[in-house]
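The structure under discussion appears below in the form of structure tokens.
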Amino acid sequence: MNEAFDIPVLIAGGGPMGLVLALELEYHGIGAILVERNLGTTRHPKMDITSGRSMEVFRRLGVAEALRDVAVPSDHNLSVVWCDKPDGVELARFDYPSVDEARTQLKNENSGAMALEPSMRVSQVILEPVLKGVLERRSKHVELRFGWGLTELVQDENGVTAKIQSTESGEVKTIRCQYLAGCDGANSVARRELGIHTNTVTPLQILGVGDRNNLMDEYRGKPPADAPRAPQRYMIHFKSPDREMFEKFGYAWHLQCPRSWAIIAQDDVDTWTVHTPPELYPGVIDDADPKDVLFHLFGREFECEVLVHNRWYPRLGLADSYGEGRVWLAGDAVHQVIPTGGYGMNSGVGDVLGLGWVLAAQVNGWAGEHLFQAYESERRHVAARNRIASGTHSGVRIKIREACPENLWDEGPEADAARAEIGHYIQELGNLENEAWGIEFGYRYDDSPAICHEGGEAPAYEWERYEPTTWPGSRAPNVFLSDGEPLYDKFGRGFTLLSTGEVACDHLVEAARAVGMPLELLVVDDPLVAQLYERKLVLIRPDQHVAWRGNTQPETFENSLAVIDRVRGATGRAA
């Protein structure tokens with residue numbers, strides 16, 4: 001007799017990762033309960049950029065426009081400005097197109113070299129309530145329980161028994177589920193219950209690694225627990241009507257002083273967040289009113305309201321494992337990065353996209369025994385790569401601070417010359433932290449056991465640039481078809497077999513049907529797609545990554561079944 005479960009999937013954590021995973025499971029029609037110990041969404045101003053890749057995921061889930069409705073207006077540009085003070089002298093700047101401009105560029109170029117959706121400026125404080133509201137209004141399969149937190153879990157061969165506790169009353173309940181997803185942040189209870197170690201390094205330690213693209217295990221189990229912490233940061237989140245002061249250089253997404261602070265414009269209206277190293281101001285930040293700290297940092301008083309302020313430690317952490325058995329982790333529960341580059345939440349969106357379809361495959365009974373291991377192999381590689389990128393970007397900022405002249409705020413010809421020199425230095429260093437498209441959407445799953453890998457020389461795999469490719473493991477590129485519709489919008493909820501020519505594919509379709517794997521055949525007669533996709537048949541996973549490709553299908557049904565078994569994580573056949 002089959003065991004009765006309360007729910008197929010229990011999601012621990014109601015931050016952005018838990019909410020996006022809930023949307024992903026809803027998308028696949030999988031029942032879930034989400035528990036979050038806090039009574040509501042976050043008040044802390046985490047995250048200020050949603051990457052183009054994350055926006056592709058949100059588009060697929062049907063929430064992209066709801067998020068853009070509350071984000072920074074689409075006609076505002078993304079500029080990173082370095083200056084001596086907000087109302088002072090511009091030292092260097094890096095300008096990026098607005099959402100509207102990026103959309104125009106995307107359609108005009110139509111080369112597959114850009115994400116389908118432009119990035120979006122929005123704070124997590126604003127993003128989380130939108131995701132929660134969408135689930136509350138639309139969900140047929142997911143139940144949200146805010147004010148309940150995971151406290152314990154025990155798994156066995158058949159499922160997971162979890163205890164959850166009410167934050168308000170202390171009441172404890174037990175939930176029996178098939179699978180548990182730990183999306184409960186850096187202090188994850190799920191990770192603790194599994195006994196998984198997370199190692200943490202500093203930016204200076206990470207700058208010494210070798211292969212920055214493919215590092216996986218360089219720091220597995222290291223360094224020791226007493227490794228030095230990165231220097232503290234102090235954050236003040238505030239409102240001010242003094243837009244003239246903060247917008248002297250136009251709409252600036254980041255306004256940065258090379259010597260001391262960075263200001264993030266949260267809405268281009270009245271809300272900003274400033275981060276500064278407190279050790280630069282001994283005796284100023286300790287025991288000071290945060291308003292006085294702001295006045296000291298910016299050199300004058302102005303009208304403001306402080307919303308949140310606190311110290312925090314930059315963390316570059318990576319878990320040794322992403323889970324085991326029926327309990328798997330995602331987001332900050334398995335990796336933590338410094339905000340430089342915006343890889344925190346955006347990496348997590350990739351995690352839950354990958355974990356969501358794997359959980360759906362497990363619940364629906366067509367997953368092979370290696371699919372969870374494929375999830376860990378794929379996403380831990382991305383996290384290791386992103387951790388190095390985040391630390392490297394932070395290292396660039398350290399270099400700029402060390403090169404900053406002592407007379408930055410002085411007057412006279414010598415100070416003018418010093419400001420010009422540091423500005424030139426910043427411009428020469430560049431702004432890779434906001435231009436690493438290979439990090440953002442060019443990552444590849446080269447070592448995944450659920451990808452049909454090819455021999456020969458693989459395409460370049462770099463941080464700085466992305467070249468569209470269907471090399472197995474890559475994110476499938478998007479283009480606009482002759483009718484103006486994005487190719488991405490035609491992909492199915494399960495696997496999609498894209499055919500760009502008159503070629504038989506019946507064996508692959510029959511093999512997928514034989515094991516219950518959802519597969520839709522998509523025939524596209526478009527010269528651009530045929531050229532860009534490199535093969536006449538391309539098998540695309542639910543997470544939009546290429547699983548297999550060929551100019552003809554495998555010769556026999558058995559060979560086709562070997563391909564299908566490989567991509568669903570089964571064993572016993574070579575692909």
Side-chain angles (χ1 to χ4, degrees), residues 13 15-16 37-38 41-49 85-86 123-125 128 184-188 198-206 223 225-240 246 254-266 271-299 301-302 304-318 331-333 335-345 348 387 390-391 393-398 400-402 404 433:
R37 63 181 178 83
N38 292 308
T41 54
T42 187
R43 294 178 57 247
H44 193 84
K46 307 171 186 176
M47 190 204 74
D48 59 277
I49 189 74
K85 49 188 175 181
S123 172
Q124 190 172 320
V125 173
E128 285 188 18
D184 46 348
N187 297 314
S188 170
T198 296
N199 64 77
T200 303
V201 296
T202 68
L204 293 179
Q205 287 172 310
I206 223 156
D226 59 352
R229 276 183 162 184
Q232 276 190 348
R233 298 292 186 271
Y234 180 63
M235 181 274 295
I236 305 175
H237 186 52
F238 66 97
K239 285 183 174 290
S240 174
F246 294 104
H254 288 170
L255 198 62
Q256 301 172 150
C257 173
R259 188 159 177 187
S260 56
W261 45 256
I263 305 172
I264 301 166
Q266 299 288 358
T271 307
W272 288 270
T273 304
V274 64
H275 295 270
T276 189
E279 71 270 14
L280 296 182
Y281 302 95
V284 173
I285 290 177
D286 293 332
D287 302 322
D289 185 307
K291 282 188 178 183
D292 292 334
V293 175
L294 288 175
F295 301 157
H296 180 85
L297 291 178
F298 303 147
E301 295 187 3
F302 58 96
C304 62
E305 174 193 0
V306 173
L307 304 175
V308 181
H309 66 101
N310 62 267
R311 290 172 179 262
W312 59 279
Y313 280 101
R315 301 181 67 179
L316 290 165
L318 181 61
D332 283 359
H335 52 72
Q336 303 91 42
V337 293
I338 299 170
T340 46
Y343 303 141
M345 190 207 76
R387 180 169 74 157
S390 175
H393 301 326
S394 182
V396 169
R397 289 173 174 268
I398 292 171
I400 291 172
R401 189 191 313 158
E402 290 176 345
C404 186
E433 81 172 67

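Along the sequence shown, the residues carry numbers beginning at 1.
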Report task. Nearest 0.5 Å please: distance from the CG atom of L316 over to the CD atom of Q336. Result -> 9.0 Å
Query raised in the report: OG1/T276 to CZ/R259 distance, rounded to the nearest 0.5 angstrom?
Result: 11.5 Å
Residue pair [X] / [Y], side-chain heavy-atom distance below 4.5 Å:
X	Y	answer
P314	R233	yes
H254	D48	yes
M235	T273	yes

How close do [X] and [Y] get, heavy atom to heavy atom, and via which atoms?
X	Y	value
T340	S390	OG1-O, 3.0 Å
H335	G344	CE1-O, 4.1 Å
I400	P258	CG2-CB, 3.5 Å
I263	P86	CD1-CG, 3.9 Å
V274	W261	CG2-CB, 3.9 Å

Requested in this report: Return yes if some donor-acceptor pair links the side-chain N/O of S123 with the main-chain N/O of Q266 below 3.5 Å, else return no.
Outcome: no
Query raised in the report: Is there a donor-acceptor pair under 3.5 Å between the side chain of E128 and the backbone N or O of Q124?
Result: no
Report task. Give a yes or no on this: more than 12 heavy atoms of other residues, nucleotides or ligands lie within 6.0 Å of atom CZ of R43. Result -> no
Query raised in the report: Does atom CG of N187 have more than 12 heavy-atom neighbours, drawn from other residues, nucleotides or ligands, at distances under 6.0 Å?
Result: no
**Report entry** H309: partners by ring-ring contact (aromatic ring centres under 6.0 Å, His included), with sequence neighbours left out
**Finding:** none
Query raised in the report: Side-chain donor-acceptor pair under 3.5 Å between W312 and H275, yes or no?
Result: yes
Set of residues satisfying side-chain hydrogen bond (donor to acceptor under 3.5 Å, both in side chains) with respect to [X], sequence neighbours excluded:
X	answer
T271	K239, D267
S188	D184
E433	R397
S260	Y281

**Report entry** Sequence-distant partners of R311, side chain to side chain contact (heavy atoms under 4.5 Å, CB included), two or more places apart
**Finding:** Q232, Y234, P278, I285, D286
Query - Counterpart residues, side chain to side chain contact (heavy atoms under 4.5 Å, CB included), relative to R37 (two or more places apart) - result: T167
Requested in this report: Could you check whether the rings of H393 and Y343 sit parallel, tilted or perpendicular, using 30° and 60° as the cut-offs?
Outcome: tilted
Under 3.5 Å donor-acceptor pairs involving side-chain atoms of residues 290-298, not counting sequence neighbours:
from, atom 1, to, atom 2, distance (Å)
K291, NZ, C304, O, 3.2

